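Taking it in order: structure first as structure tokens, then the write-up.
So you know, we letter chains A, B, ... as the sequences are listed, proteins then strands, and number each from 1. Please read all numbers here as calculations on a predicted model, not as lab measurements.
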Amino acid sequence: MELSKNYLPTPIESKWYEHWISKNYFSSTPDDREPYTVVIPPPNVTGVLHMGHCLNNTIQDILIRRARMQGKNACWVPGTDHASIATEAKVVAMLRERGITKSSLSREEFLNYAWEWKEKYGGIILQQLRKMGCSLDWDRTSFTMDPDYYASVIQVFNDLYKKGHIYRGKRMINWDVRAKTALSDEEVIYKEVQSKLYYVNYELEEGGTITIATVRPETILGDAAICVNPNDERYKQLHGKFAYVPLIKRKIKIIPDEYVTLDFGTGALKVTPAHDMNDYQLGQKYQLEIIDTMNDDGTMSEAAQLYIGEDRFEVRKKIVEDLTKAGHIQKIEEYTNQVGFSERTDAVVEPRLSLQWWVSMKDLATPALSAVMNDDIHFHPAKFKNLYRHWMENIKDWCISRQLWWGHRIPAWYTTDGTFAVANNAEEALAALKISTKNNQLSLADIYQDDDCLDTWFSSWLWPFEVFKGLSNPGNKEVSYYYPTNTLVTAPEIIFFWVARMIMAGYEYKQEKPFKDVYFTGIVRDKQGRKMSKSLGNSPDLLGLIDVYGADAVRFGIMIASPAGNDILFDESALEQGRNFNNKLWNALKLLKMWETRVNTSNAIGDNTLEVSTELFAINWFENRLNQVAKEVDELLTQFKLSEALKTLYSLIWDDFCSWYLEWVKPGFEQPIEAKVYDKTIQYFERLMEMLHPFMPFITEEIYHLLKEQSGDLCVKQFQPIASPDHTILQSGEILKQVITALRDARNKNQIKPKDLIQLHIQTLNSETYQPIESILKKQINAEAIFYTNHAISNSILVNIEKDKFYIEAERQLDTAAMKAGLLKDLTYEQNFLASVMKKLNNEKFVANAKPEVIELERKKQADAEARIKTIEESLNEI
RNA sequence: GGGAGCAUAGCUCAGUUGGUUUAGAGCAUCUGCCUUACAAGCAGAGGGUCCGCGGUUCGAACCCGUGUGCUCCCA
């Protein structure tokens with residue numbers, strides 16, 4: 001078969017993915033094997049694949065494929081998150097394009113559009129994951145708003161409410177006065193705005209005035225206090241005294257608090273708890289009255305006493321006029337500040353107090369904290385434990401209501417007077433309300449359900465068990481088998497939003513941790529270290545990259561650059577490296593296919609003669625090297641050092657296999673290759689593909705099948721056991737490499753052309769070290785012949801390696817001076833090194849205190865250095 | 001404002017409880033090669049005040065203190 005010049009990934013990748021799917025390799029059902037379970041962090045149903053997903057899912061796929069090849073029952077569960085904020089925003093935008101406003105629709109109408117949208121565009125990302133080669137069990141695809149899942153979320157709300165963990169409480173939220181809805185922080189856009197800073201005099205109870213500065217004079221009517229810095233000399237005598245709110249003459253206290261900055265405005269701050277986030281905090285601290293002077297449409301309320309029903313910005317103009325008339329305005333300055341605007345309506349966002357639903361976290365957090373601290377759940381890297389502890393020890397209550405329609409509707413029903421009941425459905429609620437209101441006449445028509453939805457995280461915290469219906473069908477076979485899951489792979493930025501809460505839910509509802517290990521990936525940034533974002537336009541088109549480089553190369557590129565827990569700076573050159581690696585593998589395959597046509601099956605090399613043959617040395621060395629690295633890689637993977645494991649494999653394949661081993665066993669031009677060498681080489685290549693498969697599944701499967709007729713697929717092949725390597729042969733290999741490199745370097749430095757043949761003379765006491773590798777050596781340094789000598793060879797290039805001397809005879813004229821200079825440089829290095837060793841050994845305290853093996857090592861260093869110095873000195877004399 | 005983390009070659013990072021040669025790798029750079037698998041390649045090389053200062057120790061990239069710079073989370 002003719003193989004293409006370069007590896008062409010696209011057709012091969014789709015071919016194998018379809019094949020794996022047709023063989024059902026990724027679907028898992030409980031059996032006798034040990035399970036290995038991973039639940040995908042569900043991407044937003046609206047999402048499209050970006051670099052973060054690519055990193056995250058590549059890692060999960062590596063873990064899952066490795067587990068599968070280790071003989072475990074690997075189960076990777078896919079799914080999506082309904083993502084209330086993001087999805088609702090998309091649907092609203094889609095409707096707007098069609099000229100429909102959300103406010104013109106009923107809840108049911110809106111949700112119909114939303115579902116329609118979800119069915120049409122949702123879950124594209126799951127298709128994209130197939131392109132990446134992710135071995136997900138597609139039969140298990142879940143969605144956080146699937147009927148069973150939905151019911152479980154409602155059940156959890158009811159349960160926590162019954163247990164007293166859920167309550168209603170006030171909270172300052174971002175209010176969009178135009179849409180009459182609350183906004184999440186993400187939906188507020190801050191813009192720099194040219195404003196005015198008004199200096200307003202407040203009359204003091206005891207006479208005189210105090211001046212405050214404000215950009216929002218219309219909120220004066222809601223003032224509850226004036227605050228000054230306790231260290232501010234100007235106001236020390238006023239602490240605890242009273243002032244009057246202008247125009248309405250309400251009496252308010254002057255309180256000292258560190259919060260106020262001395263050099264802003266006048267150093268005196270008006271406190272309006274109902275209309276400013278920070279003021280609200282101050283109000284809580286000093287138990288100030290909360291006077292809400294605004295209606296939900298941004299007009300003034302009854303509580304304002306003045307301007308009732310007029311718009312806030314009209315009132316700003318009017319109140320300034322009135323204050324000026326009354327002599328309260330001292331001055332007006334130009335001022336630039338940040339003002340929040342609604343992403344949806346562009347209205348200025350109004351901080352507003354509202355009643356929200358909360359989960360009290362203290363009790364839930366306790367088992368979740370200790371599980372991580374005592375390593376029942378392992379964090380990788382462990383440095384995130386500190387962060388986790390700090391957060392869990394200072395945990396704040398969780399506001400779970402969101403003013404949205406797309407999501408799980410809060411299961412609380414109200415009567416017109418505001419009495420409410422939490423229940424699983426309206427009928428239950430009605431029954432409860434009949435009792436609490438003592439009104440038996442109450443009907444379903446008299447009660448209404450809370451309009452708000454639950455925070456998305458309130459559903460995704462159930463993910464690890466509810467994908468197995470652990471709550472909707474408790475104790476079922478699947479959840480008992482797969483739960484707790486093995487590894488969660490996620491970004492550190494959602495350690496609190498999601499990871500911590502899953503742990504809490506796990507202990508609360510399964511009395512068991514949700515996962516054993518958590519692997520935190522980094523954040524993918526661009527070359528300049530900026531976070532990837534739509535607005536910067538710096539997120540590459542992932543599918544485009546896969547088309548250009550192939551999924552294997554993309555997987556390689558992102559993994560090679562991603563140390564655990566560190567951010568990764570994404571650079572397309574890493575993908576080039578991946579593509580080049582593909583080609584390297586492809587070319588190695590082509591070489592073997594060429595050999596295949598010239599295999600010498602006459603078995604001319606019998607086992608006896610093989611003992612000294614160089615081919616035997618090469619295959620023996622590589623077999624041991626393979627085992628050595630297999631063990632290293634296995635350990636690295638066990639420690640979740642995936643990037644390092646890949647680097648190690650890359651080097652094993654590129655350097656040890658291609659650059660050294662294949663060159664060592666390569667037959668001469670058009671010469672046959674011994675069957676034994678050929679078979680071994682195929683076997684090694686197979687083994688390398690096996691080790692690399694979890695990282696680069698497509699090309700490894702392809703090469704595996706091209707190497708020879710196979711009975712099964714690599715995807716489900718079981719790893720071969722790792723034999724322990726023989727260190728003697730490994731060391732011989734290292735010496736051989738060292739000699740080859742040093743001699744090539746000498747050739748280079750002496751400008752001997754690659755094609756020029758040389759004669760090599762070795763002066764050594766251990767010629768048996770070099771005899772088995774002579775022909776490799778000859779090939780690798782382009783020597784015509786190798787001789788052993790017991791004296792210096794005149795007119796030759798001298799290379800010292802440890803205690804042995806190598807003389808290169810070539811036609812080229814020698815540069816003795818340069819050679820001498822080189823030797824002197826080596827000598828200085830060795831002498832300095834010896835001096836540093838001797839400094840330690842001559843130090844009595846070192847000899848007295850250091851561990852015996854450390855001293856022993858230093859003595860060995862001394863002996864080695866002395867031997868090398870002796871060799872160099874002899875050489876210098878010989879020149 | 002509160003907290004966490006990071007600082008090692010031009011870049012991205014390793015560096016195991018302090019001793020494993022006066023610190024390693026990949027990428028980039030430089031030199032020489034179109035050598036019959038591979039120029040998307042081969043062979044070789046150069047490159048570091050381990051952020052500054054102080055301390056502990058026989059011994060510090062590693063431990064402690066301090067300063068500086070950067071990043072993230074929460075408010």
Side-chain angles (χ1 to χ4, degrees), chain A residues 3 5-7 258-259 261 277-278 281 381 383-391 393-394 396 492-497 522-523 525 527 529 531 549 553 560-571 573-574 576-595 635 639 641 643-644 646-648 650-651 654 658-659 662-663 666 668-670 740-749 751-755 780-782 829-830 832-837 839-851 853-855 857-858 860-862 864-865 868:
Chain A
L3 295 177
K5 183 177 185 299
N6 288 328
Y7 175 66
E258 301 274 348
Y259 168 71
T261 24
M277 300 271 181
N278 294 311
Q281 308 276 341
K383 67 180 178 187
F384 288 111
K385 278 169 76 173
N386 272 341
L387 193 69
Y388 181 82
R389 180 178 59 204
H390 184 261
W391 195 75
E393 281 174 352
N394 299 285
K396 304 219 169 65
E493 48 196 357
I494 54 173
I495 186 169
F496 308 127
F497 286 134
I523 297 165
R525 298 170 180 281
K527 242 203 257 184
K531 229 170 156 167
Y549 296 97
I560 203 81
S562 65
N566 278 9
D567 288 357
I568 84 163
L569 300 191
F570 177 75
D571 187 346
S573 71
E576 274 175 42
Q577 202 187 340
R579 179 196 58 189
N580 296 352
F581 187 38
N582 276 340
N583 273 327
K584 189 71 185 175
L585 294 168
W586 192 246
N587 279 302
L589 173 73
K590 273 161 61 182
L591 180 65
L592 262 68
K593 286 283 132 188
M594 221 160 98
W595 291 354
E635 278 162 11
Q639 294 164 46
K641 293 182 176 174
S643 185
E644 279 199 64
L646 179 57
K647 278 179 193 169
T648 307
Y650 174 77
S651 168
W654 199 302
C658 293
S659 296
L662 289 180
E663 294 297 333
K666 191 188 243 175
F669 185 52
E670 298 199 332
I740 292 168
T741 303
L743 294 176
R744 279 170 171 172
D745 184 31
R747 288 184 61 122
N748 251 343
K749 290 219 166 96
Q751 294 166 342
I752 297 172
K753 290 254 156 61
K755 277 179 179 165
Q780 294 268 276
I781 61 167
N782 202 17
Y829 177 89
E830 292 297 343
N832 285 342
F833 173 64
L834 181 62
S836 80
V837 173
K839 200 177 145 197
K840 282 190 200 170
L841 285 170
N842 290 335
N843 181 342
E844 281 175 31
K845 286 183 177 171
F846 170 74
V847 180
N849 291 317
K851 281 181 274 182
E853 39 303 5
V854 173
I855 297 169
L857 186 73
E858 292 300 317
K860 185 172 184 308
K861 284 193 214 168
Q862 180 194 355
D864 291 351
R868 285 194 297 265

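- The side chain of Asn580(A) contributes an N or O atom lying less than 4.0 Å from OP1 or OP2 of G41(B).
- Residue Arg579(A) is classed as a base contact, given a heavy-atom separation below 4.0 Å to a base.
- Side-chain nitrogen and oxygen atoms of Trp654(A) include at least one within less than 4.0 Å of the OP1 or OP2 phosphate oxygen of C42(B).
- In this pair, Tyr829(A) and Phe833(A) present their aromatic rings parallel. The plane angle is below 30°, not in the 30 to 60° band.
- Contact annotation: Lys590(A) does not reach the phosphate of U36(B) (side-chain N/O to OP1 or OP2, under 4.0 Å).
- Asn849(A) comes within 4.0 angstrom of a base, heavy atoms only.
- Contact between the side-chain N/O atoms of Asn582(A) and the OP1/OP2 oxygens of A40(B) is not found at any separation under 4.0 Å.
- Listed candidates were U36(B), U21(B), G19(B). Nearest to the side chain of Phe846(A) is G19(B).
- Neither OP1 nor OP2 of A28(B) sits under 4.0 Å from any side-chain N or O of Ser573(A).
- Under a 3.5 Å cut-off, the side chain of Arg747(A) and the backbone N or O of Lys753(A) do form a donor-acceptor pair.
- Between Glu644(A) and Lys647(A) there is no salt bridge, since no side-chain N of the basic residue sits under 4.0 Å from a carboxylate O of the acidic one.
- The NZ-C1' distance, from Lys593(A) to U36(B), rounds to 19 Å in whole Å.
- Distance check on atom C1': A9(B) versus A23(B) gives 11 Å, rounded to whole Å.
- The side chain of Tyr650(A) places an N or O atom within less than 4.0 Å of a non-bridging phosphate oxygen (OP1 or OP2) of C27(B).
- Judged by Watson-Crick or G-U wobble contacts below 3.5 Å, the nucleotide C38(B) has no partner.
- Formation of a donor-acceptor pair under 3.5 Å by the Ser651(A) side chain with backbone atoms of Thr648(A) is not found in this model.
- Counted within 6.0 Å of CD on Glu853(A), heavy atoms from surrounding residues, nucleotides or ligands total more than 12; the atom is thus considered enclosed.
- Remark: P of U21(B) and NZ of Lys839(A) are 18 Å apart, rounded to the nearest angstrom.
- A sub-4.0 Å separation between OP1 or OP2 of G32(B) and a side-chain N or O of Lys755(A) is absent.
- Look at Ser651(A) and you won't find any side-chain N or O under 4.0 angstrom from OP1 or OP2 of A25(B).
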